Amino acid sequence: MRMLLPLLLALLLPLSARAETLSLEEVSGAQEAIMLDASAQDSAAQDSAVQDPAAREDFIDRIIALAQELYDRAAGKAQRAQYSGDIYICKNFTVHLFRETCGDFRMAAYPDVPLVIPNNQKKEDCAPYVYGIEWQDVAAEDGNPFYAAASFRYDDSLSKAENEENARAFLRQVQRGDYFQMAANYYYGVGAHSMIFIEDYDPETDTVHWTDSNMKGKSIGGERYAYVQYNAEKEIDWFVDAFCRKKYGATLYRLRDDIVYAQ
């Protein structure tokens, strides 16, 4: 196909001079062939991008290992989660795990761009849904190695039962290393919450396992203190009940496949 492109271009470039000798079918066929060739080259370029499954897995391993280290270090004691710089606030915790481990990794498509993790989407940009359902849309070329692998938004045109089934189908897509962002009303609180799944969804038990901070917490001296969780486990219906509500929802963010080691 690559050999065909120059020939087709040569055929079309002098088109004005040869309009009397080329039929419409010939012109259309040549243009279609060029489009197909360009598409094939784009696909080939993506397929030829250097990918290293071991690097991606290592990145995920490091994130999860650091979560366990912080969990062990906390030793069951609540950690301060009051101020913007406190890493035990829920989103801060997941961001900290990413930032502390991302330096050795890049995307094959953008090997010179350091990796970044997006902030939560602004409240006004979440409308008509509530704050906390998603991240800001940061392009891969700007360093974002995540993509939205799946999402759930409560659909008012469907019944409650139909929405719940969609929410279950959404959670059954959970994979190890997925970042999870939800707006929910759950047993321990109401609002936005961030966490990381540390295992694939388990169909035998209908459960998910995760790590997070500040899902559970308490007040000490007028300040918020949070508990770190590691290998927490719930049936997916616990989450369905939490975010399957009008104007609520959740998003699964997954690392791209082309994670490689930084050179």
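Just so it is clear, the model here is predicted, and its values are computed rather than measured.
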Minimal non-hydrogen separation, [X] against [Y], with atom names:
X      : Y      : result
Tyr225 : Arg80  : CD2-N, 3.3 Å
Gln173 : Arg254 : O-NH2, 2.9 Å
Phe105 : Ala55  : CE2-O, 3.3 Å
Gln181 : Ala192 : NE2-CB, 4.0 Å
Ala242 : Tyr186 : CB-CB, 3.7 Å
Met107 : Pro145 : SD-CA, 3.6 Å

So if you build clusters from Ile, Leu, Val, Met, Phe, Trp, Tyr with side-chain heavy-atom gaps below 4.5 Å, do [X] and [Y] land together?
X      : Y      : answer
Val95  : Val228 : yes
Phe146 : Val174 : no
Leu66  : Ile87  : yes
Val190 : Met215 : no
Phe170 : Tyr179 : no

Going through the distances and angles, do Gln175 and Leu252 end up as a side chain to side chain contact (heavy atoms under 4.5 Å, CB included)?
CA-CA 9 Å; Gln175 292 183 12; Leu252 279 175; over 6 Å; no

Residues forming a side chain to side chain donor-acceptor pair (under 3.5 Å) with Glu165, sequence neighbours excluded
Arg168

Side chain to side chain donor-acceptor pair (under 3.5 Å) involving Asp104 - partner list, sequence neighbours excluded:
Arg62

Within the distance-only criterion (no hydrogens, no angle test), does the side chain of [X] pair as donor or acceptor with the backbone N or O of [Y] below 3.5 angstrom?
X      : Y      : result
Arg172 : Pro203 : no
Asn144 : Ala139 : no
Thr211 : Gln229 : yes
Gln79  : Lys77  : yes
Asn92  : Asp86  : yes

Please test Met182 against Tyr248 for side chain to side chain contact (heavy atoms under 4.5 Å, CB included), starting from the C-alpha separation and ending with a verdict.
CA-CA 8 Å; Met182 71 174 178; Tyr248 283 69; over 6 Å; no

Under 4.5 Å between side-chain heavy atoms, chaining through other members, with only Ile, Leu, Val, Met, Phe, Trp and Tyr counted: pull out the rest of the cluster around Ile89, sorted by chain and number.
none

Side-chain hydrophobic cluster, 4.5 Å single linkage: members besides Tyr129:
Ile133

Kindly indicate whether the side chain of [X], heavy atoms from C-beta on, has any atom under 4.5 Å from the side chain of [Y].
X      : Y      : answer
Tyr71  : Asn231 : no
Leu97  : Thr101 : no
Ile64  : Arg176 : yes
Asp72  : Tyr230 : no
Asp155 : Glu162 : no
Leu255 : Phe59  : yes
Lys160 : Tyr154 : yes
Tyr261 : Asp58  : yes

Could you list the residues that satisfy ring pair (Phe, Tyr, Trp, His ring centres under 6.0 Å) with Tyr253, not counting sequence neighbours?
Trp135

Working to the nearest 0.5 Å, report the span between [atom1] of [X] and [atom2] of [Y].
X      : Y      : atom1 : atom2 : result
Tyr188 : Lys216 : OH    : NZ    : 3.5 Å
Ser213 : His193 : OG    : NE2   : 8.0 Å
Ile198 : Ile60  : CD1   : CD1   : 12.5 Å
Asn163 : Ser157 : CG    : OG    : 7.5 Å
His209 : Glu233 : NE2   : CD    : 3.5 Å
Leu171 : Glu235 : CG    : CD    : 12.0 Å

Can you confirm whether the side chains of Lys218 and Tyr227 place a donor and an acceptor under 3.5 Å from each other?
yes

Could you list the donor-acceptor pairs under 3.5 angstrom formed between side-chain atoms of residues 115-125 and any protein atom two or more places apart in sequence or on another chain?
| from | atom 1 | to | atom 2 | distance (Å) |
| --- | --- | --- | --- | --- |
| Asn120 | OD1 | Lys91 | NZ | 2.8 |
| Asn120 | ND2 | Tyr131 | OH | 3.2 |

Working note: Arg106 + Asp52, criterion salt bridge (Lys or Arg N to Asp or Glu O under 4.0 Å); need CA distance, chi angles, decisive distance, verdict.
CA-CA 11 Å; Arg106 295 289 186 272; Asp52 187 349; over 6 Å; no

Side chain to side chain donor-acceptor pair (under 3.5 Å) for Thr251 and Glu134? Distances and angles first, verdict last.
CA-CA 6 Å; Thr251 310; Glu134 62 188 9; 5.2 Å; no

Tyr88 and Leu70: CA distance, side-chain angles, deciding distance, side chain to side chain contact (heavy atoms under 4.5 Å, CB included) verdict:
CA-CA 10 Å; Tyr88 294 99; Leu70 293 176; 3.9 Å; yes

Tell me whether the count of non-hydrogen atoms from other residues, nucleotides or ligands lying under 6.0 Å of CG in Asp137 goes above 12.
no

Relative to each other, are the rings of Phe197 and Phe239 parallel, tilted or perpendicular (30° and 60° limits)?
perpendicular

Tell me, with the steps shown, if Phe93 and Asn214 meet side chain to side chain contact (heavy atoms under 4.5 Å, CB included).
CA-CA 9 Å; Phe93 182 75; Asn214 207 31; over 6 Å; no

